[in-house]
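Beneath this line is the structure, given in structure tokens, with notes to follow.
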Amino acid sequence: MNKPIQPIQTAAFYIQSILSFGLSLSAVAIGVAYLPVSGWIRAFLTVGVLYVVTSAFTLAKVVRDRQEFSAVTTRVDQARLDKLLAEHDPFKVDA
């Protein structure tokens with residue numbers, strides 16, 4: 001059975017992703033904090049940003065889970081096919 005090659009994320013990519021997320025969230029937080037508007041508008045924008053961030057995390061988890069499920073399903077189907085091919089005898093004659 002051939003197992004598909006899983007992409008490996010490097011430590012540098014992992015660190016870059018964390019730093020990018022932290023920098024972007026910090027930039028938006030500073031922008032909202034220094035916006036020349038009242039507190040209610042700042043609070044609304046803050047809640048909106050937090051909603052977008054949590055939705056992005058949820059979407060990333062759902063996409064990852066679906067990809068992992070399809071990989072497991074593909075491996076199970078491949079194992080079944082390999083078993084059928086291993087057990088098949090093309091020269092067997094049914095009497």
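The basis for the numbers below is simple: all heavy atoms, side chains too, and nothing from hydrogens, waters or symmetry mates.
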With sequence neighbours excluded, give me every ring pair (Phe, Tyr, Trp, His ring centres under 6.0 Å) pair touching residues 31-56. none
Anything under 3.5 Å between a donor and an acceptor, one on a side chain of residues 11-25, the other on a protein residue two or more places apart or in another chain? List them.
residue : atom : partner : partner atom : Å
Ser17   : OG   : Phe13   : O            : 2.9
Ser24   : OG   : Ser20   : O            : 3.2
Ser24   : OG   : Phe21   : O            : 3.0

Which residues pass the side-chain contact (heavy atoms from CB on, under 4.5 Å) test with Leu35, not counting sequence neighbours? Val37, Leu45
In a table with atom names and distances, give each donor-acceptor pair under 3.5 Å that connects a side chain of residues 56-65 to protein atoms at least two apart or in another chain.
residue : atom : partner : partner atom : Å
Thr58   : OG1  : Thr54   : O            : 2.9
Lys61   : NZ   : Asp65   : OD2          : 2.6

Which pairs pass salt bridge (charged side-chain N to carboxylate O under 4.0 Å, His left out) with one or both residues in residues 13-36, sequence neighbours excluded? none
Could you list the cluster mates of Leu50? Members are the ILVMFWY residues connected by side-chain heavy atoms closer than 4.5 Å, either directly or through other members. none
Hydrophobic cluster mates of Val47, side-chain heavy atoms under 4.5 angstrom, ILVMFWY only, any path? none
The complete set of ring pair (Phe, Tyr, Trp, His ring centres under 6.0 Å) pairs with one or both residues in residues 63-85, sequence neighbours excluded, reads none
